[in-house]
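Each remark here refers to the structure printed beneath this line.
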Amino acid sequence: MASNVAHGQQVIGHAEEEHTTPQEYVRVAIVLAIITAIEVFIYYLPSARPLLVPALIILSLAKFAAVVGYFMHLKFDNRLFQFMFIAGLVVSLSVFLAFLAMFWYSTSYMPLT
Amino acid sequence: MATAITVETAHGEGQGIHEGHGHAGHPPPSAGVDSRKLLMWLFLTSDTMFFGTLIATYMMYRDRSIQLLTPPYPNDIFDIPYTSVSAFVLLMSSLTMVLALASIQRGNYRGLRIWLAATALLGGIFVGGQVFEFTTFAHEGLTLSSNVFGSSFYVLTGFHGAHVTIGVLWLVALLVVSLRGGLPKEKAMSVEIAGLYWHFVDIVWIIIFTFVYLVPYPNPVKEATEAAPAAFLHLVSLGQQMLAALPF
Amino acid sequence: MSRFWPRRKDDHMPSRSGRWARVAPLLALVVVVTLLAGCGPEVNQPYSTISPQNPKTDDIQRLYQIIFWASLVVFVGVQLAIVYVVLRFRRRSDERPAQVHGSRTLEIAWTVIPAVILILLFIPTARVVFDHAAAAQSDEGFHVNVIAKQWWWEITYPNIPASESDPSKGPLVTANEMLVPVGSDVIVSLEGNNVMHSFWVPQLSGKLDVMPGHVNRLHFEAARVGDYFGECAEYCGAAHAWMRFKVKIVPQEEFDAWVAAWRTPPADQNPDTPDVVDVPTAFGACLACHRVNGTTAQVAGQGMTAISGYRDADGKIVPGPGPNLTLVGCRDTIAAGLLKNTPENMETWLKHTDEVKEGVYMPNYYKQGLTDEQVTEIVNYLEGLKPAEGCPGAGLPVGSEVDPASVGVIPPGAVATPVP
Amino acid sequence: MASIAQPRIEAPVITAPPVEGTGLWSWLTTIDHKRIAKLYGVTSFILFLVGGLEALLIRIQLARPQNDVVTAQRYNELFTMHGTTMIFLVLMPLTVAFFNLLVPLQIGARDVAFPRLNAFSYWTFLLGALMLNIPILFALPSIFAGMAETALLNLFGSTALGGLQATLDKLPFANAVPDQGWYGYAPLTERLFSGHQIDFWAFGLQLLGIASMVGAFNFIVTIINMRAPGMTMMRMPIFCWSTLVTAVLIIMAFPSITIALFFLTFDRYGGTHFFNAFNIADGTLVSSGGDPMLWQHLFWIFGHPEVYIMILPAFGIVSEIIPIFSRKPLFGYAVMVYALAAIAFLGFGVWAHHMFTTGLAATPVAAFAATSMLIAIPTGVKIFNWTGTMWGGSLTFPTAMLFAVGLVSQFVIGGLSGVMHAVVPIDTHQNDSYFVIAHFHYVLFGGTLFALFGAMYFWWPKIYGKLLDERLGKLHFWLTFIGFNLTFFPMHFLGLAGMPRRYHSYSFESGWWFWNAVETIGALIIGAAVLVFLLNILRTAQEKQDVPANPWDAATLEWATPSPPPVYNFRIIPQVTHRDQLWHDKYDRILEAQGRPDAAADAIIEIDQLPQSSPVGVAVAEEQAELGNIHMPNPSFYPLVAAIGLFLLPVGMVLNNPHIPLGSFIGLPVITAIGILVLLTGIFGWSFEPAD
């Protein structure tokens, strides 16, 4: 169809699914399992306490990225989806970080004594 | 409830490019993507705000019950090994889900059914585990109304559980359709969309597992007053000082 | 001038009179509104936000003047531009006008210029915000705690004990009228145990909400002697409009006299019990909710743990403690600013409580069997709750009648010290 | 419910273009975006009349000091319902009506991406509106009876109606009208301080939220995926851009209030304390750990984008109307698009400016003051660009254009007072005062409603195939304009004079009586204006008119279809080459034919890519239509079924109310169970019903 060419976009069929094979899915899943194990392990490690929170944040974000990128195909999928989802995440994260900052910064909370 | 409707009603609509609605009047999708898949991604984008609100509320109330000295406290309630297994189960269900998708895309219907069933089963185990967890916690005195920890914990994990439950029902429905022969290779998109939903539910749990269960809580009494993030306060006061230093 | 006026080009355009006929309604509206604004009655506006009475409201007024004039310039500019365009570019021929798609220069100009104006506006804004916030966090100054109820204000002086000899009696408590000595830096701690309210005395300060679970602090300077009108500014239920109060800024000696009078027990109503001061028997029904200092009326709850009223699980209303009635005879108004404090109004209030102030949590005991004589007894008792030598702080000028131009900075050293 | 399932009739090869069905059934099952637009429009216009009536009652009560036309309780109900109705049931759905009508037409599509989902949106909206409005509809008779009683008593000393109000007060629902204000600040909405009326509000809003979100998903997919060939994003009519941005705002903003309303429901029925700092336990007050600030944050994280959800479509409408009657393209199209996106993005970063007086710390307050000022920049850019569009144009002023220019002029006032609110110290005076009322009425009435009236005059041919009367239209505009300014401009003065909002009464000594009296006169003038508009609608409906496809010489694709458009919109899907396609076809082609060099870029145009409006295009279209391959999706009953099921879920909880006879008897579980059953029937029927 000439109109598609004029659009500069092609209708994509199943081509992108070939990026990842079941073997790779299993490999990703093993990595995810290992990360989870590490998370739980360092949770019980007293010496890891000072670095526990940043480590947990990084590890969970890695898991998040792996599932979204590989299992949900976002890494290979249409850029529209990437843009949408990442923009949504950015808005949501910034709104709620600001929201939490206001509560954590608030000094006026006072329970009944 | 919005969740259930949007997801389910998306079913079987739109100009799915695989579905052979080659009417001359219908131009191809102008963004080159499947409309239903686009709908699902939009829904998930919106759901980031949905769970963002729930998680942010939990984070805000996270330490408050400890500050107020209203037990039960998270430290006494949570059973990390148990929940780790739950989290692992849900994580692995994402693998089986993606294998189900890979199967239907290759026309392997037997594989599709096996993996769909496995995913639904793992999801079911997760929900069952959650029900068991809730009853145990309730036994230990943590209820919706016992303190704000209870309120925000149950509502957050409950909404997630409801998402998983809907997902399980959806997978079972797909399985039934597939067994009746209604899910040919051309309809792989139906599985892909269900998969997107399922994986999203999984990543929400990744966040919940970390921030609700693993990130440590202050000790009642001793650390109660040290909960505010000092580094952040410092940063804020820095901005304040900079503003005060302006010459006018 | 003529360049800016549309010129007759051909016969297609409407005649000048026709054009005027179209603009006439607009002009008429402008004229009417201007006339109304100019000829509006000279009324006393005790809640006016633009007659500042202390340095704090002066700060706000200065900001307001900046933005008012800036806005006026923008407003007049844009409206003139629209009127000019509408008159100048009316269709005169069927010829298509030049198809202009945009202008990069203009777009940049009208993005950057407002941005610069806004930055210039932001800097003084932020400075005032931080200054006012810092002032409210100070531990110095004259502290007053205010607990907002549905629908009245409980006012506590945390540093002024109710009794000089017995500290266990707690602080001095009054309702709906806050007396403060002139020259003090007043720091109000706002607390609430029911719904949200907002504390607002427009001539002394901007508003600050009463947020249950939080203590919000508000600072203002008691710069000039006078009566300042305050009101609740956050919707709080049925009687939201009738939740008014006053801040009375009085000379230090009058304030001291008021504290002394507050601590002096009223005349005894029952000669049979010389060791305690009894309230009249008719007042007995009121004891559950009201206190009168120095008398047996001491059982009602007050402070943060006392809630003025709520609904129980079945949705029934449970009334709670009401205002402390010590020196009630000296108050200008009753029912939180709804009625002038006269014996007749007090009687009306007691006999028609919920009709006078819809939604009020105070039960109407007259309807439940109090006799006319008993009501009269209560009215006489309450109106008599004032010092024999007259009320301190009476007859002050209303705040808005003070010349705003004379508001100055508080002289150093004028800060009042609380009565020991 | 099994009888609902209808056997599928195999459609024979269609030989004629599809036509619309008639009768009630066809409306209940319609999935045609134009019909749904009509349903949205008519429903929200009726609700506009109800909300306007409430506004008039409010103004009559405030006409003089210590007035007693209505009681404080009724007054609180009136302003709550006025606000909620105008925001959620008038401005939003009326813009959705235009989304529905215009988006598919403007992008050259035959319908939206998910037609049945679209119908579901409407039915859910209708039932949500019903849930919100049932109580006030039962309460209005009592209010009017009370007014009549007082009037008779004062004028004739007669008590002929004695006791009527008291009788009408006993109607079911009459004492369950939401009365907590449109933003329902906790803890006033909690069980400790309010009765069952909050449930109607909370569940009504939940349903409306679902309707809005489902609609928004649909429009985003439609705009992204259903554009005609050649219609790139930057060739899209600006109204479609505003729809897209609005829809994105809806899907990102509504989850927050959905959760907040769930929290509220859990607080009221589940024993949680999300928004309640204190709790009564065994008769004493104890800290519960909850925080009323949470409600405000969650509400305004939704609430501020909501403001843009209401105003951005209006910007889109005005950006369509002004170029047409200036005979010039929109000035700075790309900048207008970026400004829309910038407003939407910044719109998520300003919510706390509604909370400047709640006791936030100074740093966040300063930060939100900065973002709130920032958002004025893209808004200002739009005002300037509209003026730039008119500059050098060839202006005519039919009613649509009058309303559009009216918006440009009136919105400036609302915008400037908005900047004043960003200056926090001033806001501590103006917040919750009549100054704020003036501000947002200048934005929502002088802005959105003006645009919507303009849109009605402009697009009436595409709705009903007729043009509204211009004489009455101009009368309507000037009455609205004068009444509006007379009502709302003095509110600035009242705000400065310290009058807080939501006061059911005020004393003479406050000095507020004069402007209040003036405002009431203004409100009556607005009422007269609405009557003129109604008269205009009725007169137009009786007239026989033959309106051409493009009566205004407009530029976008909807004007390439007949007035009103056929069910399939376009016989062939047009091929788009330019932003203002119809102007290009009409004017620029002549220039191209004359050998203008700048036309070389698109000189090669295939015949089958011609838009339908061009002479060749029409011929091709007719040829193709004869081939009979226009295929429209089937009407469906299931969206309505699903919506009813969804509606029934909370009905049990709402009815479980001592003010409603039989309410607690029927009880919650039975109705909820029926609801689940109906909902599942709807979903499964829908899923297995063939789409077309």
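Each chain gets a letter, A, B and so on, in the order the sequences are listed, and its residues count up from 1. All figures in this text were calculated on a predicted structure; none of them were measured in a lab.
Remark: Glu355(C) CD is packed, more than 12 non-hydrogen atoms of other residues, nucleotides or ligands lying under 6.0 Å away.
The choice from Ile307(C), Ile119(C), Val100(C), Ile66(C) that makes the most heavy-atom pairs within less than 4.5 Å of chain D is Val100(C). With chain C as the partner, the residue from Leu496(D), Leu285(D), Ile413(D) showing the most heavy-atom pairs under 4.5 Å is Leu496(D). Ranking Ala136(C), Cys236(C), Ala70(C), Ala238(C) against chain D, the residue ahead of the rest is Ala238(C), based on heavy-atom pairs under 4.5 Å. Highest contact tally toward chain D, considering only His101(C), Gln137(C), Met304(C), is held by His101(C) [criterion: heavy-atom pairs under 4.5 Å]. With chain C as partner, the option from Ser394(D), Ala277(D), Ser507(D), Pro500(D) having the largest number of non-hydrogen pairs under 4.5 angstrom is Ser394(D). The candidate from Asn385(D), Leu330(D), Val335(D) with the greatest count of non-hydrogen atom pairs under 4.5 Å with chain C is Asn385(D). Across Gly289(D), Ala370(D), Gly380(D), Gly388(D), the residue that shares the most heavy-atom pairs under 4.5 angstrom with chain C is Ala370(D). Most heavy-atom pairs under 4.5 Å with chain D: of the set Val128(C), Asn193(C), Thr57(C), this distinction falls to Asn193(C). Among Tyr310(C), Trp110(C), Phe68(C), Tyr64(C), the residue with the largest count of heavy-atom pairs under 4.5 Å with chain D is Trp110(C). If you tally non-hydrogen atom pairs under 4.5 Å between each of Asn194(C), Val78(C), Val74(C) and chain D, the highest count goes to Asn194(C).
Taking the side chain as every heavy atom from C-beta outward, Thr363(D) and Phe130(C) approach each other to under 4.5 Å. Side-chain contact between Phe435(D) and Met420(D) is present, with heavy atoms from C-beta onward closer than 4.5 Å.
Looking at every heavy atom in both residues, Ala369(D) comes nearest to Phe122(C) through CB-CE1, 4.2 Å.
Looking at Leu190(C), there are no atoms closer than 4.5 Å to chain D (heavy atoms on both sides), in backbone or side chain. For a residue to count as touching a neighbouring chain, one of its non-hydrogen atoms must lie under 4.5 Å from one of that chain's; by this rule Asp209(C) touches chain D with backbone and side chain alike. Only the side chain of Glu358(C) comes within less than 4.5 Å of a heavy atom of chain D; its backbone N, CA, C and O stay farther away. If you measure heavy-atom distances from Ala241(C) to chain D, the contacts under 4.5 Å come from both the backbone and the side chain. Proximity to chain D (any heavy atom under 4.5 Å) is shown, for Val86(C), by both the backbone and the side chain. For a residue to count as touching a neighbouring chain, one of its non-hydrogen atoms must lie under 4.5 Å from one of that chain's; by this rule His214(C) touches chain D with the side chain only.
In this structure, the ring of Tyr587(D) has its center no less than 6.0 angstrom from the ring center of His584(D).
Evaluation of the side chain to side chain donor-acceptor pair (under 3.5 Å) rule for Glu77(D) yields Gln73(D), Arg74(D) as partners, not counting sequence neighbours. Evaluation of the side chain to side chain donor-acceptor pair (under 3.5 Å) rule for His132(C) yields Asp59(C) as partners, not counting sequence neighbours.
For the side-chain hydrogen bond (donor to acceptor under 3.5 Å, both in side chains) test with Tyr235(C), the passing option among Thr80(D), Asp179(D), Asn76(D) is Asn76(D); the others fail.
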